[in-house]
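These numbers were taken from a predicted model, which means no experiment stands behind them. In this chain, residues are counted from 1 in sequence order. FYI, side chains are in, hydrogens and waters are out, and symmetry mates aren't considered; it's all heavy atoms of this structure.
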Amino acid sequence: LEPFVGKWLPETQHALYYPNASNGSSELFTKSLARMLETKTKNSSAVRFLYQTRVKQIHHEGKRVTRIELFAENKNNQPMTIELEDGDEIVIAAGSWTPRLMWQLNEYV
């Protein structure tokens with residue numbers, strides 16, 4: 001049984017066991033995946049990570065993202081724009097802000 005369940009539900013007396021179920025730390029998984037991709041693509045521009053980056057607007061044509069505008073986060077305090085090419089893919093991992101960004105693409109999560 002999850003050790004912290006007793007803290008919030010002291011009356012809990014039973015638990016279920018699912019032998020084929022598994023769980024893990026999404027933070028640990030994401031960080032490990034990022035490290036692996038950064039290592040594999042070290043001398044390539046195939047993967048680009050932008051951490052702690054505030055997105056201003058996502059531009060798109062239909063379902064295809066064409067450009068991403070970021071708030072000023074660089075030394076010159078200039079806004080940054082990322083132009084995407086055909087075949088480029090993006091991952092939006094913004095936690096609780098993800099729905100707000102997805103609305104710009106007319107997608108609802």
Would you say the side chain of [Y] lies within less than 4.5 Å of the side chain of [X], judging by non-hydrogen atoms?
X: L84; Y: E89; answer: no
X: H59; Y: I68; answer: no
X: R67; Y: V65; answer: no
X: H60; Y: N106; answer: yes

Results of salt bridge (Lys or Arg N to Asp or Glu O under 4.0 Å) for K31 - residues two or more places apart only: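 Salt bridge (Lys or Arg N to Asp or Glu O under 4.0 Å) check on K31 returns E27.
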
Steps toward side-chain contact (heavy atoms from CB on, under 4.5 Å) verdict (E107, K63): CA-CA 9 Å; E107 296 288 338; K63 297 271 185 186; 2.2 Å; yes

Working to the nearest 0.5 Å, report the span between [atom1] of [X] and [atom2] of [Y].
X: R54; Y: M80; atom1: CZ; atom2: CE; value: 14.0 Å
X: I82; Y: L70; atom1: CD1; atom2: CG; value: 4.5 Å
X: L28; Y: L33; atom1: CG; atom2: CG; value: 11.0 Å

Cut-off 3.5 Å, no hydrogens considered: what does the side-chain donor-acceptor table look like for residues 91-105, sequence neighbours left out?
{"unit_1": "T98", "atom_1": "OG1", "unit_2": "A94", "atom_2": "N", "d": "3.1"}
{"unit_1": "T98", "atom_1": "OG1", "unit_2": "G95", "atom_2": "N", "d": "3.3"}
{"unit_1": "T98", "atom_1": "OG1", "unit_2": "G95", "atom_2": "O", "d": "3.0"}
{"unit_1": "Q104", "atom_1": "OE1", "unit_2": "I58", "atom_2": "N", "d": "2.5"}

E61, CD: over 12 other non-hydrogen atoms inside 6.0 angstrom: no

